[in-house]
J.: 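One structure follows; several queries about it will come next.
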Amino acid sequence: YITPIEHFFVRTHVYAPTVALDSWRLQVDGEVASPLNLTMAELRQMPAVEIVSVLECAGNGRAFFEPAVAGIQWEKGAIGTARFTGARLSDVLKKAGVKTTGLNVEMHAGDRPPGTMPPFVRQVPMQKAMHPDTIIAWDMNGQAIPLVHGAPLRAIVPGWEGAYSVKWLNQLTVLAKDTDSFWFVTGYRYPNRRVAPGAAVDAKDMEPLKGLAVKSLITTPAHNASLAAGKVAVAGFAWAGENDVTKVDISIDNGATWQPAKLTGEQARYTWRRFEHEFAATKAQSYLILSRATDSKGNMQPAVAQWNPSGYLWNQYDSVRD
Ligand SMILES: Nc1nc2c(c(=O)[nH]1)N[C@H]1C(S)=C(S)[C@@H](COP(=O)(O)O)O[C@H]1N2
Ligand SMILES: [Mo]
């Protein structure tokens, strides 16, 4: 349920910077009454909260889009669930006396690329920034966040695509407008309507990504496994960003009929839910096992993922062939 750190995906645009753990500071400025320059010790004095959250890269599954799109060709692995500990972003903003003119919180990081490549600067809208579950974390799965995952400090914006969770966080600037960062103006955008695969989309029709899409992943049996005749156990995980998973269905007849899987464990917000199912493999044949999740808003994982120019939010039915 909790992804061990050694199996947790790493997505870093350029490089993991060298960090001076002892002298790390979080600067808070912009639309605030009293700008701050917090040490790690000062941050740790604030009330600590624990959030268990899925972290999924918006590009997870990009490799499956046709026509192919540029970017890391992730298949199924750019997802994990971890337990993060840190201070509430809202507590930090309140301490700085955030003004009512503040609309977005711009997040800056320690990885500053050389030359003309734009730095990884993101923004989170004020409502999500002030949400009690949005945190600035220093621990991951009960240990100090490893360097590649953003030591010593990263944002966790639960339920939203992974790029909101800025690693090596060292500055928050409260803005009365939108950031002019490349990674907001151009990057991490999705068409506001369905587009034909391969179509060019006008910049004015692109909107910032936010929440993750409803999705499931079959983890048992493995793809291409040889199964013994008899009962076959199917299991996996399903998640839906800020929404809860209400149902997972399994099909073993190419989607003609579906059987509800059993959801086990509790649904905690932002995390994945485990599902289990069993079917009788009575015939010696190839089986295609499909999974399809539904969330609390009625969104259902589609048979065909919606193509988009950057290959984000792939969430087609999961499948394993055995
Ligand atoms: N500073 C910084 N933060 C970053 C990134 C980055 O390149 N630089 N990558 C983002 C992306 S695209 C994702 S999906 C997540 C991945 O977090 P992980 O490497 O801990 O899995 O971090 C985000 N935070
Ligand atoms: Mo990402």
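One-based numbering, in listed order, for ligands and for the atoms of each.
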J.: Is the closest basic N to carboxylate O distance between R274 and E276 below 4.0 Å?
T.: yes
J.: Indicate yes or no: does K128 engage E242 in a salt bridge with an N to O separation below 4.0 Å.
T.: yes
J.: Hey, is E56 close enough to K215 for a salt bridge, meaning N to O under 4.0 Å?
T.: yes
J.: Could you tell me which atoms of ligand 1, counted from 1 in the order shown, lie closer than 4.0 angstrom to a heavy atom of T12?
T.: 7 (O)
J.: If we set the cut-off at 4.0 Å for heavy atoms, which region of S165 has an atom near ligand 1: side chain, backbone, both, or neither?
T.: backbone
J.: Relative to ligand 1, is F9 under 4.0 angstrom through side chain, backbone, both or neither, heavy atoms considered?
T.: both
J.: Looking only at distance, does W168 have an N or O less than 3.5 Å from an N or O of ligand 1?
T.: no
J.: Would you indicate which of L169, V166, D111 comes nearest to atom 1 (N) of ligand 1 when only heavy atoms are counted?
T.: D111
J.: Could you tell me whether E161 and R122 make a salt bridge, using a distance below 4.0 angstrom between a side-chain N and a carboxylate O?
T.: yes
J.: Does the pair D318/K76 count as a salt bridge with the N-to-O cut at 4.0 Å?
T.: yes
J.: One thing to verify: whether R193 and D205 come together as a salt bridge, which I'm taking to mean a side-chain N less than 4.0 angstrom from a carboxylate O.
T.: yes
J.: For the rings on F120 and W168, is their centre-to-centre separation under 6.0 Å?
T.: no
J.: Find all atoms of ligand 1 within a distance of less than 4.0 Å from any non-hydrogen atom belonging to A109, and give their numbers and elements.
T.: 1 (N)
J.: With a 4.0 Å cut-off on heavy atoms, is E56 touching ligand 1?
T.: no
J.: Select one of side chain, backbone, both or neither to describe which atoms of V14 lie under 4.0 Å from any atom of ligand 1, heavy atoms only.
T.: neither
J.: Please could you name the atoms of ligand 1 that Y188 approaches to less than 4.0 Å, counting only its heavy atoms?
T.: 12 (S)
J.: Assess G150 for proximity to ligand 1: is some non-hydrogen atom of it under 4.0 Å away?
T.: no
J.: Considering F120, Y164, W183, F8, which one's heavy-atom position lies nearest to atom 4 (C) of ligand 1?
T.: F120
J.: Looking only at N/O atoms, are C57 and ligand 1 under 3.5 Å apart anywhere?
T.: no
J.: Would you check the N or O atoms of H13, main chain and side chain alike, for any that come under 3.5 Å of an N or O of ligand 1?
T.: yes
J.: Quick check on contacts: which atoms of ligand 1 are under 4.0 angstrom from a heavy atom of R154?
T.: 15 (C), 17 (O), 18 (P), 20 (O), 22 (O)
J.: Is V54 linked to I5 within one hydrophobic cluster, defined over Ile, Leu, Val, Met, Phe, Trp and Tyr using a side-chain heavy-atom separation of less than 4.5 Å?
T.: no
J.: For Y312 and Y188, run ring pair (Phe, Tyr, Trp, His ring centres under 6.0 Å): C-alpha distance rounded to whole Å, both residues' side-chain angles, the deciding distance at 0.1 Å, then the answer.
T.: CA-CA 8 Å; Y312 293 138; Y188 297 109; 5.7 Å; yes
J.: Of the listed options (A16, A155, G162, G187), which comes nearest to atom 15 (C) of ligand 1 when hydrogens are ignored and any heavy atom counts?
T.: G162
